[in-house]
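Order of the sequence lines sets the chain letters (A, B, ...), proteins ahead of strands, with each chain counted from 1.
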There are 2 protein chains.
Amino acid sequence: MKVKVVTKILEANDRIALENRKLFDGAGIYVINLMSGPGAGKTSVLEKTLNLASGLKIGVIEGDIAGSDDAERIERCGAPVVQINTGGACHLDANMIYEVLSELPLRDLDLLFIENVGNLVCPAEFKVGENIKVMVLSIAEGHDKPLKYPLMFQESSALILNKIDLAPYLDVDMEKIRRDALSLNPKLKIFEVSCKTGVGLPEWIDWLKKQTLKR
Amino acid sequence: MKVKVVTKILEANDRIALENRKLFDGAGIYVINLMSGPGAGKTSVLEKTLNLASGLKIGVIEGDIAGSDDAERIERCGAPVVQINTGGACHLDANMIYEVLSELPLRDLDLLFIENVGNLVCPAEFKVGENIKVMVLSIAEGHDKPLKYPLMFQESSALILNKIDLAPYLDVDMEKIRRDALSLNPKLKIFEVSCKTGVGLPEWIDWLKKQTLKR
């Protein structure tokens with residue numbers, strides 16, 4: 001019974017996601033659903049991306065349970081941004097996105113990032129109309145994450161391993177993360193970056209530009 | 001409509017949680033629901049607690065989406081442990097706990113830890129029959145977490161700030177974490193610990209013993 005309810009919710013969500021996707025395609029905009037656990041650095045990745053991806057016009061939708069800290073950080077980078085507060089909900093769904101689309105200048109943008117609620121589980125289950133999903137994992141979260149939270153690694157096109165400046169101070173096996181993530185998803189593109197030092201970000205920006213412009 | 005469904009699920013859950021609680025009380029066992037985001041160090045806190053809390057007989061229920069890594073780590077500490085795999089579910093609920101209780105020697109234990117799925121949102125909504133909730137936050141997750149994920153801070157009796165050995169390498173404002181967490185929950189007991197260096201753990205163990213023995 002519970003499963004039935006969940007299935008119906010997911011079906012209704014997927015229908016609205018498809019409508020969102022048609023709107024995005026019509027506006028000629030590429031859309032990335034950006035996901036991670038809490039505090040992995042999604043907003044920091046976006047700040048760096050906004051500063052480095054010259055030539056791309058980028059907008060952002062920020063999803064959080066509460067607060068508007070992240071939207072304020074994005075606004076300071078000069079990008080158009082809308083904040084969604086989900087109340088209690090632990091993920092964004094397609095309808096939340098649909099409700100705010102009129103507040104963004106979609107036709108003036110090349111790329112829209114939808115920053116999901118910090119949660120390594122449910123966001124991976126709910127399409128919001130994106131072209132691809134990208135996930136961030138802080139290496140401080142440990143090397144056991146791919147096998148413990150497999151769905152997000154399976155659903156993502158790229159994995160940004162963030163905070164690699166902390167590697168000398170952690171007992172983390174980076175090779176195990178790579179190996180387990182690729183065993184779940186052999187096509188996963190992996191970037192090792194530090195938003196603090198800037199290392200690895202140029203490779204991410206190059207790939208991002210190629211994805212956005214080849215559509 | 002969706003809200004109604006969720007309300008019914010929560011009501012049914014609370015009834016089973018109450019049954020679990022009666023079983024725990026009857027067995028004379030104190031129960032802690034241990035929660036955090038992914039990779040904050042719940043299992044490391046448990047390993048250290050099992051080694052340091054001499055005199056307390058402790059059992060553990062491990063909750064994960066997939067895998068049994070955490071149960072194996074607990075088993076190596078010599079404690080009775082049961083692993084629950086939730087499949088896709090992002091939190092433990094009271095019925096999952098009820099289903100495994102017969103596999104633990106409840107009457108021989110003083111204290112049962114229920115390690116929830118790594119998720120800073122939903123586990124705080126579902127009672128499992130616990131006496132108190134305790135949460136772990138890795139300081140690598142950043143100082144914006146209390147205001148962005150308020151419910152777990154409001155529901156918890158204690159907050160373990162873990163990985164404080166990383167403080168010199170992070171731009172994290174520990175005072176802001178304390179201030180915001182206490183503004184949400186003035187009674188919250190806060191411990192600053194490092195499972196790597198051991199600092200702060202004796203204070204946590206002292207408090208834990210007092211909670212367990214005063215019941």
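- Of the two parts of D70(A), only the side chain, counted from C-beta on, holds a non-hydrogen atom closer than 4.5 Å to a non-hydrogen atom of chain B.
- Atom NZ in K163(B) sits 7.0 Å away from atom CG in L170(A) (nearest 0.5 Å).
- The shortest distance between side-chain heavy atoms of V121(A) and H91(B) does not fall below 4.5 Å.
- Nearest heavy atom pair, residue K148(B) against residue I65(A), reads O-CB, 3.3 Å.
- By the 4.5 Å heavy-atom criterion applied to side chains, P38(B) and K145(A) are counted as neighbours.
- For the options G142(A), C90(A), A124(A), C122(A), heavy-atom pairs under 4.5 Å to chain B are most numerous at C90(A).
- Annotation: the span from D144(B) atom CG to T43(A) atom OG1 amounts to 7.5 Å, rounded to 0.5 Å.
- Neither the backbone nor the side chain of L137(B) comes within contact range of chain A, judged by heavy atoms closer than 4.5 Å.
- Contacts between L147(A) and chain B at a heavy-atom distance below 4.5 Å involve the backbone alone (N, CA, C, O).
- Between chain B and the residues G88(A), G118(A), G37(A), S138(A), the largest count of heavy-atom pairs under 4.5 Å involves G118(A).
- Taking each heavy atom of D165(B) and Y169(A) in turn, the nearest pair found is OD2-O, 4.4 Å.
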